[in-house]
Amino acid sequence: MEQYAIKGGNPLVGEVEIGGAKNAALPILAASVMTDETVYIDNLPDVRDTNVLLKAMQGIGVLEKRTGRHSVTLNAAQISSLVVEDENIKKIRASYYLLGALLGKYRQAEVALPGGCDIGCRAIDQHIKGFKALGAEVWIEHGLIKTRADKLVGSHIYMDCVSVGATINVMMAASMAEGQTTIENAAKEPHVVDLANFLNSMGARIKGAGTDVIRIKGVSRLHGSEYTIIPDQIEAGTFMFAAALTKGDITVKNVIPKHLESISAKLLEIGCEIKESDDAMRVVCSKPLRHTHVKTLPYPGFPTDMQPQITVALGLSTGTSIVTDTIFENRFKYVDELTRMGADIKVEGTTAIINGVGRYTGASLSAPDLRAGAALVVAGLAAEGFTMVDEIHYIARGYEDFHLKLQALGAQIELVNSDREIQKFKLKVG
Ligand code: UD1
């Protein structure tokens with residue numbers, strides 16, 4: 001079983017190139033089935049979730065040509081099936097983006113019910129409400145979510161909660177519906193805007209993405225496009241917090257600083273220095289971390305996907321911090337693992353009360369999900385002694401070459417596969 005072996009205590013120093021955003025790449029890949037013409041996508045992250053989605057798309061007849069590690073051409077002119085049942089697809093949340101994309105283009109789709117990280121009840125009622133408002137039937141049968149429409153007609157849809165996935169799915173289907181759709185209480189995340197820009201580059205007519213009202217004029221066909229995916233806000237944020245935890249000096253390159261505002265505001269509050277340029281952010285941390293309070297919120301609020309990373313930092317701070325996750329109700333499962341490193345954190349419902357302890361000590365840990373897994377690795381890099389992290393397949397879902405990028409910053413971390421390799425690592429780092 002693959003694990004990360006870590007020897008903590010080194011300040012991480014240097015520059016790290018941030019890849020394309022996983023959560024933008026997934027809907028953009030799915031949306032490329034909405035044209036018969038060829039689509040070229042660049043800055044694609046080479047992570048497990050995007051690769052699983054691409055494989056499922058190949059399974060229904062999409063022609064894929066990798067033109068580089070981070071670029072792909074896709075052609076969906078010869079789709080052979082509207083049933084997406086690939087054995088791995090239900091493991092990823094974004095499988096359901098093929099529903100909106102195929103429904104929009106073909107008026108029909110069947111997709112294995114989505115999985116994703118187990119971070120709480122992840123309802124899909126708003127996706128279903130949106131599809132039904134456009135005139136589709138939606139039902140669940142034999143583990144598949146199925147949708148069909150004789151015709152799709154634009155509608156006025158008020159989302160009962162702010163949902164990234166539902167906004168994206170409805171935006172895709174509505175792009176090829178007849179007439180105008182308005183989505184109110186829409187999600188404003190950068191990846192929602194990136195998908196809207198991609199669809200518009202294919203000839204869609206979407207206005208207002210990035211605000212809470214999105215207006216879409218349906219078109220009857222979409223054409224090919226060349227598109228570059230935005231940088232990954234969460235990968236960047238994770239490295240920025242790695243600087244904070246290890247008292248390091250890290251510059252994240254190829255980022256959009258505007259997308260990182262809520263993250264850098266918290267880093268400043270807890271005592272880090274931030275230097276911003278057009279497409280890079282430098283985080284320097286030389287003082288003990290201060291406590292603060294955090295509430296995760298939809299964009300532009302502090303992202304739930306950064307909640308574990310800030311919690312592990314606050315566990316090392318001076319004083320008491322309170323972190324509340326308002327988006328997912330079961331996102332503190334990693335706290336038990338952190339406690340084994342010496343953290344003093346009490347979880348009550350969706351709130352964690354953190355008494356900073358000033359130091360962590362290395363331990364054997366298990367990654368419970370993608371972002372918490374990355375946060376535990378960063379905690380290990382800040383801890384005294386050795387840490388082992390297993391179940392790291394979760395981390396590979398959303399971080400490309402995570403340990404290699406950390407190594408380049410001076411981290412003592414290695415991917416190990418056996419007791420022998422663990423011993424070898426321990427001898428090497430002393
Ligand atoms: C996406 C991201 C995930 C991120 C989350 C919130 C992808 C692939 N995943 O997940 O990394 O943590 O946004 O930023 O982009 N909800 C409902 N009904 C619905 C849909 C959602 O009640 O139909 C609720 C959810 O249970 C949750 C909240 O709305 O409490 C937000 O979920 P949503 O924004 O939809 O998250 P995802 O799109 O699943």
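Positions are given from 1, in the same order as the sequence printed here. Counting convention: from 1, in listed order, for ligands and their atoms alike.
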**Message:** Show the atoms of ligand 1 that are less than 4.0 angstrom away from any heavy atom in Y96.
**Reply:** 37 (P), 38 (O), 39 (O)
**Prompt:** Ignoring hydrogens and geometry, is there a side-chain-to-backbone donor-acceptor pair from D194 to I230 under 3.5 Å?
**Reply:** yes
**Asked** For the residue pair F302 and F241, does the interplanar ring angle fall in the parallel (under 30°), tilted (30 to 60°) or perpendicular (over 60°) class?
**Response** perpendicular
**Message:** Between E226 (side chain only) and V39 (backbone N and O only), is there a donor and an acceptor less than 3.5 Å apart?
**Reply:** no
**Message:** Heavy-atom pairs closer than 4.0 Å: do any link ligand 1 to the side chain of H127, the backbone, both, or neither?
**Reply:** both
**Request:** Check for a donor-acceptor pair, side chain of T147 on one end and backbone N or O of E137 on the other, with a separation under 3.5 Å.
**Result:** yes
**Fill in**
side chain to side chain donor-acceptor pair (under 3.5 Å) filter on Y399, not counting sequence neighbours, yields T238, R371
**Message:** Looking at ligand 1, would P303 count as a contact under a 4.0 Å heavy-atom criterion?
**Reply:** no
**Message:** As an exercise, identify every atom of ligand 1 less than 4.0 angstrom from a heavy atom of N23.
**Reply:** 2 (C), 3 (C), 7 (C), 8 (C), 9 (N), 11 (O), 15 (O)
**Fill in**
ligand 1 to R331, heavy atom cutoff 4.0 Å, flagged ligand atoms 12 (O)
**Asked** Hey, is ligand 1 close enough to F328 that some N/O pair sits below 3.5 Å?
**Response** no
**Request:** With heavy atoms only and a cut-off of under 4.0 Å, state how I168 meets ligand 1: side chain, backbone, both or neither.
**Result:** neither
**Request:** State whether the number of non-hydrogen atoms from other residues, nucleotides or ligands found under 6.0 Å of Q78 atom CD is greater than 12.
**Result:** no
**Asked** Any donor-acceptor pair under 3.5 Å linking the side chain of N254 with the backbone of I18?
**Response** yes
**Complete:** Counting heavy atoms under 4.0 Å, the part of D125 that contacts ligand 1 is both
**Message:** Geometry only, no angles: is D305 polar-contacting ligand 1 at N/O separations under 3.5 Å?
**Reply:** yes
**Asked** Of the choices I128, I234, V164, L53, which has the non-hydrogen atom that lies closest to atom 13 (O) of ligand 1?
**Response** V164
**Message:** Holding to side-chain contact (heavy atoms from CB on, under 4.5 Å), I want the full list of residues that pass it with E110, two or more places apart in sequence or in another chain.
**Reply:** V83, L144, K146, R148
**Request:** Answer side chain, backbone, both or neither: which part of S163 comes under 4.0 Å from ligand 1, heavy atoms only.
**Result:** both
**Fill in**
One finds that the ligand 1 atoms under 4.0 Å from a non-hydrogen atom of G165 are 35 (O), 38 (O)
**Asked** If you count the atoms of ligand 1 from 1 in the order shown, which ones are under 4.0 Å from a heavy atom of Q126?
**Response** 18 (N), 19 (C), 23 (O)
**Fill in**
NZ of K258 to OG of S264, rounded to nearest 0.5 Å, is 10.5 Å
